[in-house]
Amino acid sequence: MVELTEQRIDIQKLMDLSCDERTGAAVLFLGTTRRWTGDEETHSLFYEGYRQMAVEQMEQLEATARQKWRIAQVWIVHRLGEVDVGESSIAILVRSPHRKAAFEAAQWLIDTIKEQVPIWKKELPPPSQVVPHPNTGRWVHPDPQPMESKEPCDE
Amino acid sequence: MVELTEQRIDIQKLMDLSCDERTGAAVLFLGTTRRWTGDEETHSLFYEGYRQMAVEQMEQLEATARQKWRIAQVWIVHRLGEVDVGESSIAILVRSPHRKAAFEAAQWLIDTIKEQVPIWKKELPPPSQVVPHPNTGRWVHPDPQPMESKEPCDE
Amino acid sequence: MDLPTPHATVELPVFLFAAVREVVGSDQVTIQTPLPTTASALRKILSQRYPQIDTWLAVSRLAVDRRFVADEDQIESATEIAVIPPVSGG
Amino acid sequence: MDLPTPHATVELPVFLFAAVREVVGSDQVTIQTPLPTTASALRKILSQRYPQIDTWLAVSRLAVDRRFVADEDQIESATEIAVIPPVSGG
């Protein structure tokens, strides 16, 4: 199950929807916007995606994970739009009969999503500093980095 | 943070309480009572603990995990008493600046808790089959197994 | 059937994202390209039309019909192209 | 001060859990032991008093004051003992 959403991710709902009487282990990964990275403050992030390709890529990654591990449920929810500090930009839930598969699959999924899925985040300046404008803020592009960039959030 | 509880584990509350503006990654592990293990049905489990030692052991494991990994928050909640099918017997939440540490610490914690913490589970028979009695049901003791035993739940 | 004949020239939409979108000032442009073609030939067309994204192109991947393509890949048919700068989701 | 003198005999509570508790029919028994002693000496006392738990003792660990002890460990002082059959929490 793959979803892009502009809404806050409801963890309890995700748990309830994915409930499965044959699984004994659940591993949930949440990537959350940090306020503080050392001394630098982040106010909010804005996520943009190539929506259809992002969904297709994540569905493909779910299919690959199901081939690699014995897992019963995979739920990947990624936020788009503005994500405030403290909110999760991504939730990955894997349920499996045995916990090792769930841990490995969840970690592989987030690692691979961060490399392969066409979604970009931008750090938005504090609201007081500037009048909002679509092109305001700084895009975060991990390696390779043709422009100065940093990684304000989860990893 | 270590807790033994007779109540259902409230995931959303656990998330809110552990919120931390310096962490970007959260890994939550849930061990859940399976109804079906192949064709065998489980109705509910009963957990008994050597309470004080269990808490001290888990606190010791949290301290060890904090030495081994750079992690900001560790929350371990274990149920005691009856746990129905579909409910979680344990929740382990690790928050860290970077996700690798959170994954590794959470997995190490559940692996080690399952070896080291004096808590025992027993499979309770279906309510229709027998009048409840404290000594009813079958204790689940993993290897070594002096009596016939099986592992009905998470791993 | 309206299949393109070999080396027919087609018009294709190119979707732009993030910093590339902002540099060009649009989330979609159109290029003309012969088909079949290669990913590196598409890069050249983009670079000639939009030299301001050269530094970005150098670090971006291309997607054809929502799949990443390598520079040497032969592209027989295409409905949409996208420039994928280094991603930062998750 | 009432510290036990070497080889003083003390009375200690032994906590029992899970199947061991059920076999003995009680969650706590009391044993008399000299101090200092060893974990394997404690096992022998338990085995003599409660031969019905022999098969369990063979696969159980002992805890002294809520810490696991190995058979060869010297035990200088103790307030509570516990028999820890194979655990199944988590």
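Pairs passing the ring pair (Phe, Tyr, Trp, His ring centres under 6.0 Å) check and including a residue from residues 71-96 of chain A, sequence neighbours excluded, read A:Y47-A:H78.
Of the listed residues (A:I11, A:D111, A:V85), the greatest number of heavy-atom pairs within a distance under 4.5 Å of chain B belongs to A:D111. With chain A as partner, the option from B:S96, B:G38, B:A91 having the largest number of non-hydrogen pairs under 4.5 angstrom is B:G38.
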task: Tell me, with the steps shown, if A:Q107 and B:K100 meet side chain to side chain contact (heavy atoms under 4.5 Å, CB included).
output: CA-CA 8 Å; A:Q107 192 163 8; B:K100 189 159 180 286; 4.1 Å; yes

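Separation of atoms CZ (A:R99) and OG1 (B:T32) is listed at 13.0 Å; rounding is to 0.5 Å. Taken to the nearest 0.5 Å, the CD1 atom of B:I110 stands 7.0 Å off from the CZ atom of A:F103.
The contact between B:A106 and chain A is made by backbone and side chain atoms together, counting heavy-atom distances below 4.5 Å. Both the backbone and the side chain of A:V27 come within contact range of chain B, judged by heavy atoms closer than 4.5 Å.
The side chain to side chain donor-acceptor pair (under 3.5 Å) test applied to A:E87 returns A:R8, A:R79, not counting sequence neighbours. Checked against side chain to side chain donor-acceptor pair (under 3.5 Å), B:D10 has no partners two or more places apart in sequence or in another chain.
Heavy-atom proximity under 4.5 angstrom to chain B picks out A:M15, A:E21, A:R22 from residues 13-22 of chain A.
Few gaps surround CD on A:E6; more than 12 heavy atoms of other groups in view lie less than 6.0 Å from it.
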